[in-house]
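Counting starts at 1 for both ligands and their atoms, following the listed order. Positions are given from 1, in the same order as the sequence printed here. Just so you know, these numbers use all the heavy atoms, side chains as well, and skip hydrogens, waters and symmetry mates.
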Amino acid sequence: MVEQPILVIGAEGQLARALARLQTAAGHPIACRGRPEADINDADALRALLAATAPAAVVNAAAYTAVDAAETSEPAAHALNAHGPAQLARLCSARGIPFVHVSTDYVFDGSARTPYRETDAIAPLGVYGASKAAGEAAIRESCPHHLILRTSWLYDGEGRNFLTTMLRLGAEREALSIVADQRGAPTWTEDLAAAIAAMLENVLTDGATDAWGTYHATGSGETTWHGFAAEIFRIAAASGQPTPKLTAITTAEYPTPAARPAYSVLDNAKLAQTFGIRLPEWQDSLARCMARRLAKTQTA
Ligand SMILES: NC(=O)c1ccc[n+]([C@@H]2O[C@H](COP(=O)([O-])OP(=O)(O)OC[C@H]3O[C@@H](n4cnc5c(N)ncnc54)[C@H](OP(=O)(O)O)[C@@H]3O)[C@@H](O)[C@H]2O)c1
């Protein structure tokens with residue numbers, strides 16, 4: 001084991017926790033750090049942290065992810081999603097440290113009907129997407145050795161996300177109305193963490209130094225939020241968990257402060273061609289995630 005760690009910023013987030021579970025990447029230990037020692041908006045703290053840990057690579061898993069709240073908190077969203085990552089990228093670049101950053105399908109406006117490629121024009125519909133797009137642009141400008149992974153519909157068996165919300169609501173209510181006219185790809189944090197580790201293996205160990213750039217990295221396949229919920233409760237029913245009646249509704253029937261893209265399926269071909277990485281079918285990952293969650297609750 002090499003001593004220089006892979007430093008993950010944003011320790012308590014769902015992706016950071018999945019990276020922490022891996023323990024190592026490319027032969028390096030994974031070290032997750034949160035606030036205050038790793039406040040992405042505190043340049044002095046970040047400088048001190050980089051000096052103390054001398055990481056082999058930095059992964060930014062910190063973000064402002066409250067899509068609706070961002071509409072009325074634009075400065076906070078930009079501080080966390082654009083200025084902070086830009087600052088961290090500059091610090092990494094000055095020290096020759098590769099920088100991995102995670103972005104979102106919400107940089108697109110959803111007007112496409114075939115999966116978005118990395119080269120397609122972005123046009124975010126809301127403040128969250130715009131702040132993430134600004135973060136991407138700043139990183140590209142300031143840190144040549146970057147990997148930006150755009151992912152979508154991230155979930156895990158713990159924390160706050162669509163899966164855990166559905167299971168909680170399913171236990172509380174007899175019926176749920178779920179939006180059925182937004183299409184995307186659910187992505188398990190575990191799969192994204194494994195993809196990041198494999199990409200780091202390529203660039204740090206195998207010397208794939210021409211691979212820097214932007215990649216789409218989501219679960220394989222696609223569905224709607226209603227389809228995602230239906231699969232959650234199909235799996236839940238098999239283990240005797242509560243299953244509410246699901247009603248498919250339109251986005252117009254479920255107004256939210258932030259507009260969401262109607263279609264945000266991402267084409268993952270570049271990830272497969274460059275790194276040989278393909279995330280599993282979203283239904284397979286969901287089944288494994290829920291089985292692990294169930295096993296945990298049964299042993300708790
Ligand atoms: N969630 C999704 O559906 C989704 C979809 C597409 C893309 N993404 C992207 O995927 C990445 C990971 O998302 P996630 O769902 O894992 O996020 P998350 O669970 O919301 O975690 C974000 C983390 O950022 C931390 N943070 C907040 N302010 C910070 C600061 N000033 N300095 C350092 N850390 C700070 C938070 O810490 P505290 O707990 O202390 O507040 C939290 O641990 C993000 O870049 C996100 O934009 C997410």
Side-chain angles (χ1 to χ4, degrees), residues 7-21 32-46 49 58-70 73 75-89 91 99-108 110 116 122 124 126-136 138-139 146-166 182 184-193 195-196 214-219 225 228 258 260-261 264-266 268 279 282 289:
L7 179 63
V8 178
I9 307 292
E12 297 308 315
Q14 53 176 351
L15 174 60
R17 288 199 307 270
L19 284 161
R21 287 196 293 267
C32 296
R33 296 286 184 271
R35 289 181 286 180
E37 66 167 325
D39 186 333
I40 199 168
N41 289 131
D42 183 342
D44 290 337
L46 294 176
L49 186 62
V58 169
V59 180
N60 177 33
Y64 187 106
T65 53
V67 175
D68 288 323
S73 306
H78 274 269
L80 226 64
N81 291 341
H83 307 317
Q87 177 169 259
L88 184 54
L91 293 172
F99 183 61
V100 181
H101 178 75
V102 184
S103 191
T104 174
D105 54 332
Y106 282 14
V107 297
F108 294 112
Y116 282 102
I122 60 167
V127 169
Y128 167 73
S131 67
K132 296 293 292 186
E136 289 186 4
I139 291 163
H146 68 261
L147 294 169
I148 296 173
L149 283 77
R150 290 191 189 130
T151 194
S152 65
W153 299 20
L154 209 53
Y155 70 90
D156 195 11
E158 54 185 39
R160 266 190 72 182
N161 55 66
F162 187 78
L163 168 60
T164 55
T165 301
M166 284 299 109
Q182 290 171 27
T187 307
W188 187 17
T189 54
E190 190 103 343
D191 294 335
L192 186 60
I196 290 171
T214 301
Y215 293 86
H216 290 172
T218 72
W225 291 111
F228 190 7
R260 268 99 171 141
S264 64
V265 181
L266 304 183
N268 293 327
L279 276 65
W282 71 267
C289 174

Side chain, backbone, both or neither: which applies to [X] and ligand 1 if a contact is any heavy-atom pair less than 4.0 Å apart?
| X | value |
| --- | --- |
| Tyr106 | neither |
| Ala38 | backbone |
| Ile40 | both |
| Thr189 | neither |
| Ser103 | backbone |

- When rounded to the nearest 0.5 angstrom, what distance separates CG in Leu149 from CG in Asn268?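 If we round to the nearest 0.5 Å, Leu149:CG and Asn268:CG are 9.5 Å apart.
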
- What do you reckon, does Ala66 put a non-hydrogen atom under 4.0 Å from ligand 1?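 Judged by the 4.0 Å heavy-atom criterion, Ala66 does not count as contacting ligand 1.
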
- Message: Under 4.0 Å, counting heavy atoms only: does Tyr64 come that close to any atom of ligand 1?
- Response: no

Show which atoms of ligand 1 fall inside a sub-4.0 Å distance from at least one heavy-atom site of [X].
| X | result |
| --- | --- |
| Asp39 | 30 (C), 31 (N), 32 (N) |
| Lys132 | 44 (C), 45 (O), 46 (C), 47 (O) |
| Leu80 | 27 (C), 28 (N), 29 (C), 30 (C), 31 (N) |
| Thr151 | 6 (C), 7 (C) |
| Gln14 | 1 (N), 14 (P), 15 (O), 16 (O), 19 (O) |

Ignoring hydrogens, what is the shortest heavy-atom contact between [X] and [Y]? Give both atom names and the distance.
| X | Y | answer |
| --- | --- | --- |
| Tyr116 | Gly110 | OH-N, 3.0 Å |
| Asn41 | Gln87 | C-NE2, 3.7 Å |
| Asn81 | Pro85 | O-CG, 3.4 Å |
| Trp153 | Gln182 | CH2-O, 3.6 Å |

Give me the nearest non-hydrogen protein atom to [atom] as residue plus atom name, then the distance to 0.1 Å.
| atom | answer |
| --- | --- |
| atom 5 (C) of ligand 1 | Trp153 N, 3.8 Å |
| atom 4 (C) of ligand 1 | Leu154 CB, 3.7 Å |
| atom 16 (O) of ligand 1 | Leu15 N, 2.9 Å |
| atom 39 (O) of ligand 1 | Glu12 CB, 3.8 Å |
| atom 47 (O) of ligand 1 | Tyr128 OH, 2.7 Å |
| atom 34 (N) of ligand 1 | Ala62 CB, 3.3 Å |
| atom 22 (C) of ligand 1 | Ala63 O, 3.7 Å |

- Message: Contact between Leu279 and Glu190 at the side-chain level, heavy atoms closer than 4.5 Å - yes or no?
- Response: no

- Message: Is it the case that the side chains of Asp105 and Thr151 hold a donor-acceptor pair, with the cut-off being a distance below 3.5 Å and no angle test?
- Response: no

- Would you please say whether a donor-acceptor pair under 3.5 Å links the side chains of Ser103 and Glu136?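 There is such a pair between these side chains.
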
- Message: Using a 3.5 Å distance criterion without hydrogens, assess whether the side chain of Asp156 forms a donor-acceptor pair with backbone atoms of Thr189.
- Response: no

In this structure, is the centre-to-centre distance between the rings of [Y] and [X] below 6.0 Å?
| X | Y | value |
| --- | --- | --- |
| Tyr128 | Tyr64 | no |
| Trp282 | Trp188 | no |
| Phe108 | His216 | yes |

Are any of the N/O atoms on [X], whether in the backbone or the side chain, positioned under 3.5 angstrom from an N/O atom of ligand 1?
| X | result |
| --- | --- |
| Val102 | yes |
| Thr65 | yes |
| Gly13 | yes |

- Message: If you count heavy atoms of other groups shown closer than 6.0 angstrom to CZ of Arg21, is the number above 12?
- Response: yes

- Item | Nearest candidate to atom 40 (O) of ligand 1, where distance is taken over non-hydrogen atoms, out of Arg35, Glu37, His101, Arg160 | Arg35

- Before accepting this row, confirm whether a basic side-chain N of the pair Glu12/Arg35 lies closer than 4.0 Å to the acidic partner's carboxylate O.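 Salt bridge flag = no for Arg35 with Glu12.
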
